[in-house]
Amino acid sequence: MNPTSETKSDFLAAPGKMPHLQGSLIDRFGRHVTYLRISVTDRCDFRCVYCMAEDMTFVPRAQLLTLEELAVVAQAFTELGVTKIRITGGEPLIRRNVIKLFRDIGQLPDIKELVVTTNGSQLVRLARDLKDAGVKRINISLDSLDPDKFRRITRVGDLGKVLAGIHSVLDAGFDRIKINAVILKNRNHDEVTDLVRFASDKGMDISFIEEMPLGVIGDHDRAEAYYSSDQIRADLEQTYTLIPTAESTGGPARYYRIMETDTRVGFISPHSHNFCESCNRVRVTCEGRLLLCLGQEHSVDLRHVVRGWPGDMERLKQTIRDSMSIKPKGHEFDLGAKPVILRHMSVTGG
Ligand code: SAM
Ligand code: SF4
C-alpha cells in the first residue's frame, strides 16, 4: 500500500520477520484464505429492511474490539497470507475515528488491497481521508434512485446525501467504485436498468446481490421478495448486451461487461449460483468473533486471545491458523425456512 506520511502506530507489534514462512491459511477443503472482512461496528444510521429489524439491540461498547485491537487482528491476518481486507459493518464510517484504523491497516507491509463497503451517508465528509489512508476501491450500497423507494427500503435513509457522497468519491479519484444493490421483488426490481445506466454513466461498476436469510426481520417476507440474478440479467438484456467475463475482484461475484462501456455488472447469487467452492474469505465481527462462514455459526473468539494475552502475536496467529480446521464446506441458505442464522448481516459484516 502507499505509505502515508503518518508513522506506524506504536501499538502494532513489529511484523513477523518471515511472514510467508510462518504458514498460510488453508482449510480442510484446500481453500486458501487470503481475504478478511472486518465489521467495525454493528450499528448503522440506516435500517434496510433486508438487513436489520426496525428495533435493534446493539453490542455494548465495552464488548467492541478497540480500533487498536482491530489493527492487531488485521496485522496477524496479513502475516498469515491475507492480502485483501475489507472494512464493513454495520455502517463502518459512523464508528468514531475509524480513519485511524484505515491508516494503520493501509501501512501493513503485506496488504495489497484495503477496501470498504459503505452505505455512502458519510462520504461527503470522509471520501478524501479514505483515499489518503490507502483505500483504492470502494463499494457503495444503493438500492434505488427514487427518494421515496430509497426511504422505504432503508427505512430512514436520505438518497440525496448518498448521491452527494458518491460525487465526493468520484471527485477524490479512487481506482474503482462499485455500486452494490440488493434487488427485492416489487420494491426495486423495476430499477435494475436505471441503476446500471447510473453506474455506467459515471464509470462505476455495479453488483446485484440476492438477499440472504440472516437474522429475523419483523414482517419482511424474504421468500416473497426473492428476485433471482437470472431474472435481473434477463431484464438487463432487454437494453444491454452483457458479455460474460472471467474477471474477478477476489469476491463471490460473477461478472459481465456491458458492450462498449468500461462498466462491469456483477451478480452475487448465493441461492441460484452457490460460490462456496471457491471461498477465500473469513470475517471478524466487531466483538472479535472470527466467523469461518457467512452462512454458518462456526467461530472462534479472538477477543479472548487479544485481551487475555496482549502483545502475544504468535498466540493470536496460532489461534487463527487452528480455526482453519473448522471452516465449513459452505452455507445452506433456504429463504422459505425460518432463518437458521440469527445474526443479522450488520453483525456478520456483509
Ligand atoms: N452499511 C454498509 C452498506 O450497506 O454498504 C456495509 C454493511 S452492509 C451489511 C454490506 C452489504 O450487505 C450491503 O451491500 C447490503 O446491501 C448487503 N446486505 C445486507 N443485508 C443483506 C442480506 N440479508 N442479504 C444480502 N445482502 C445483504
Ligand atoms: Fe445499515 Fe448497510 Fe445494513 Fe443497510 S445494509 S442497515 S446500510 S448495515
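Count residues from 1 along the sequence. Remember, it's 1-based here, ligands and their atoms both numbered in the order they're listed.
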### Task
Could you tell me if the ring centre of Phe208 sits under 6.0 Å from that of Tyr227?
no
### Query
Do ligand 1 and Glu211 have nitrogen or oxygen atoms that lie under 3.5 Å from each other?
no
### side-chain hydrogen bond (donor to acceptor under 3.5 Å, both in side chains) assessment of Tyr50 paired with Asp143
CA-CA 11 Å; Tyr50 47 76; Asp143 298 334; 2.5 Å; yes
### Message
Please determine whether Cys44 has a backbone or side-chain N, O or S atom lying under 2.8 Å from atom 1 (Fe) of ligand 2.
### Response
yes
#### Entry: Contact (N/O only, under 3.5 Å) between Gly90 and ligand 1
yes
### Message
So if I count the atoms of ligand 2 from 1 in the order they appear, which ones are less than 4.0 Å from some heavy atom of Phe46?
### Response
6 (S), 7 (S)
## Note on the structure
Note: ligand 1 atoms sitting under 4.0 Å from heavy atoms of Ile209 are 14 (O), 25 (C), 26 (N)
### Task
Decide whether an N or O pair under 3.5 Å exists between Thr88 and ligand 1.
no
### Query
Can you find an N/O atom of Asp143 closer than 3.5 Å to an N/O atom of ligand 1?
no
### Task
List in chain and number order the residues that pass side-chain contact (heavy atoms from CB on, under 4.5 Å) with Asp148, two or more places apart in sequence or in another chain; answer none if no residue qualifies.
Asp146, Arg152
### Message
List the residues meeting side-chain contact (heavy atoms from CB on, under 4.5 Å) with Thr193, not counting sequence neighbours, and say none if there are none.
### Response
Arg197, Leu236, Thr239, Tyr240
### Query
Counting backbone and side chain alike, does Cys51 bring an N/O/S atom below 2.8 Å of atom 4 (Fe) of ligand 2?
no
### Query
Does Met212, backbone or side chain, put an N or O under 3.5 Å from an N or O of ligand 1?
yes
## Note on the structure
With heavy atoms and a 4.0 Å threshold, my read on which part of Thr117 contacts ligand 1 is both
